[in-house]
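Structure record follows, encoded as structure tokens.
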Amino acid sequence: ALSLRGIHKSFAGNPILKGISLDAEPGEFIALVGPSGCGKSTLLRILAGLETADGGEIVVGDRDLSPVPAADRNIAMVFQSYALYPHLTAAQNMAVPLVMRKLTRAQRLPFVGPLLPGRRQAVAAIRREVQDMAVSLKIDHLLDRKPGQMSGGQRQRVALGRAMVRRPAVFLMDEPLSNLDANLRVHARGEIVELHRRAGVPTLYVTHDQAEALSMADRVAVMIGGSLLQLASPQVIYDDPAHVEVARFIGQPR
Ligand code: ATP
Ligand code: MG
């Protein structure tokens, strides 16, 4: 499914990722935790192709994605800030990845595009997919609103919808719930796990919230100082931390 092999990254000579290796099973939910600044977001950005690694391999299926540009990786990422386009409606935001995939460059041109053969059918198919996803996320009543006209929780669902319509091979989420209040957050946990199950693809989920990691993940990856110190079930991480740093971070003395 997803394999990372020896991912290295330095910024201005400072090693940030010191050889990260990890194998995720096809439908596995892995929570990535670790102190602020340990390199979690950098790792996700490298997987998504938003940043290049200095070394290492990213293998999805049996293909090394390292040389593949972000747009062709079929890896979807949900950010803490949701990163929705503020000038587009929810429907248009969710349609962006489909438009990029299903319309040719010429079909996307204003004035010219609409006249090209096949475009009308492609646009209708995109509308249907967005509508179906919106119904399943219960945001179909929000499709005409722009991000500025939605609550944080609603924006978060639109961002999830935009990631889901791509039917990605891998899901990356970087603290997608940290902007929500406590009630909404607990509710959203269950929904994300449910979406993940339905998609059936490996998910790497960064969180600061240990309760979240414990309740959502099949396995928890503990990253400290640019190294993955332990990758195990929540139970094992809590009961039997492999390193004193892991124990210290998880808050339980050995
Ligand atoms: P947090 O939990 O606070 O989000 P994190 O684990 O996601 O932290 P990263 O954002 O991956 O941490 O950053 C890891 C380290 O790399 C930090 O010291 C950060 O300052 C540094 N860093 C990240 N991006 C860059 C960049 N583009 N240029 C220079 N340094 C960077
Ligand atoms: Mg981060």
Side-chain angles (χ1 to χ4, degrees), residues 2-22 24 29-58 65-66 69-71 73 75-84 152 155-156 159-160 162-163 168 170-182 184-185 188-189 192 196 202-217 219-232 234 237-238 241-252:
L2 169 68
S3 292
L4 312 184
R5 303 195 186 133
I7 304 285
H8 280 85
K9 179 70 179 177
S10 297
F11 285 117
N14 289 326
I16 298 297
L17 299 178
K18 303 173 185 168
I20 302 289
S21 297
L22 174 161
F29 195 107
I30 296 181
L32 180 57
V33 302
S36 183
C38 74
K40 304 179 296 292
S41 296
T42 302
L43 181 63
L44 259 52
R45 291 173 54 76
I46 286 173
L47 300 190
L50 304 174
E51 193 90 67
T52 43
D54 300 333
E57 282 180 9
I58 302 159
L65 293 187
S66 312
R73 285 193 181 190
I75 292 180
M77 182 146 165
V78 178
F79 300 87
Q80 176 173 17
S81 59
Y82 312 138
L84 296 173
R155 281 200 284 272
Q156 180 249 345
L160 279 174
R162 185 175 63 179
V170 175
F171 256 122
L172 306 174
M173 305 198 198
D174 198 351
E175 311 201 44
L177 306 184
S178 56
N179 284 326
L180 304 184
D181 69 43
L184 213 50
R185 202 150 71 209
R189 278 182 200 166
I192 287 183
H196 156 79
T203 298
L204 266 184
Y205 183 94
V206 171
T207 178
H208 264 115
D209 183 332
Q210 294 196 22
E212 221 169 88
L214 185 63
S215 65
M216 294 171 77
R219 287 193 294 168
V220 178
V222 185
M223 187 159 146
I224 293 176
S227 301
L228 254 195
L229 293 187
Q230 193 169 9
L231 174 58
I237 294 276
Y238 282 81
H243 292 261
V244 66
E245 294 99 303
V246 174
R248 209 173 280 143
F249 177 71
I250 297 297
Q252 178 193 308

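Note that the coordinates shown come from a computational prediction; the quantities given were computed from them, not determined experimentally. Residue indices begin at 1 and follow the sequence shown. Ligands are counted one by one from 1 in listed order, and the atoms in each one are counted from 1 as well.
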Closest non-hydrogen contact found for Thr207 with Val33 is O-CG1, 3.7 Å

Looking only at protein heavy atoms, what sits closest to atom 9 (P) of ligand 1 is Thr42 OG1, 3.5 Å

Point to revise | Non-hydrogen protein atom less than 4.0 angstrom from atom 29 (C) of ligand 1 | key: yes

| query | Any side-chain heavy atom of Ser215 sitting closer than 4.5 Å to one from Arg189? | reply | yes

Self-check item: Derivation and outcome, side chain to side chain donor-acceptor pair (under 3.5 Å), residues His243 and Gln230
Solution: CA-CA 8 Å; His243 292 261; Gln230 193 169 9; over 6 Å; no

With a 4.5 Å heavy-atom cut-off, do Leu22 and Ile30 have their side chains touching? yes

If you compare Lys40, Lys9, Met223, Arg45 by their heavy atoms, the one closest to atom 6 (O) of ligand 1 turns out to be Lys40

heavy-atom search around atom 10 (O) of ligand 1 in the protein gives Ser41 CB, 3.7 Å

Quick note on ligand 1: atoms under 4.0 Å from a heavy atom of His208 include exactly 2 (O)

When distances are taken from atom 16 (O) of ligand 1, the protein heavy atom at minimum range is Ile16 CD1, 3.4 Å

Note to self: Polar contacts were defined as any N/O atom of the residue lying under 3.5 Å from an N/O atom of the ligand; does this apply to Glu51 and ligand 1?
What the structure shows: no

min-distance protein heavy atom vs atom 14 (C) of ligand 1 -> Gly37 O, 3.3 Å

Practice prompt. Flag the pair Leu184 / Gln156 as yes when at least one side-chain heavy-atom distance between them is below 4.5 Å, and no otherwise.
Written response: no

So, do Asp209 and Leu177 sit near enough that their side-chain heavy atoms are less than 4.5 Å apart? no

- Under 4.5 Å between any side-chain heavy atoms of Gln210 and Phe249, yes or no? yes

The closest protein heavy-atom partner of atom 3 (O) of ligand 1 is Ser36 OG, 2.5 Å

So the protein N/O/S atoms within less than 2.8 Å of the Mg ion (ligand 2) come down to Ser41 OG

Practice item. May I ask you to check whether Gly39 has an N/O atom sitting below 3.5 Å from an N/O atom of ligand 1? Key: yes

*Answer yes or no: does an N/O atom from Gly34 fall short of 3.5 Å to an N/O atom of ligand 1?*
no

On a heavy-atom basis, the closest approach of Ile237 and Ala232 is CG1-O, 3.7 Å

Note: Leu2 and Pro202 closest approach over all heavy atoms is CB-CG, 4.1 Å

Quiz item: For atom 20 (O) of ligand 1, is some protein heavy-atom partner under 4.0 Å away?
Solution: no

task: Specify whether Phe29 and His196 have parallel, tilted or perpendicular ring planes, treating 30° as the upper limit for parallel and 60° as the lower limit for perpendicular.
output: perpendicular

Residue, atom and distance of the protein heavy atom nearest atom 27 (N) of ligand 1 read Phe11 CE2, 3.5 Å

Between Val246 and Pro241 the two heavy atoms that sit nearest each other are CG1-CB, 3.8 Å

In short, Leu228 meets Ser21 closest at the heavy-atom pair CD1-O, 3.5 Å

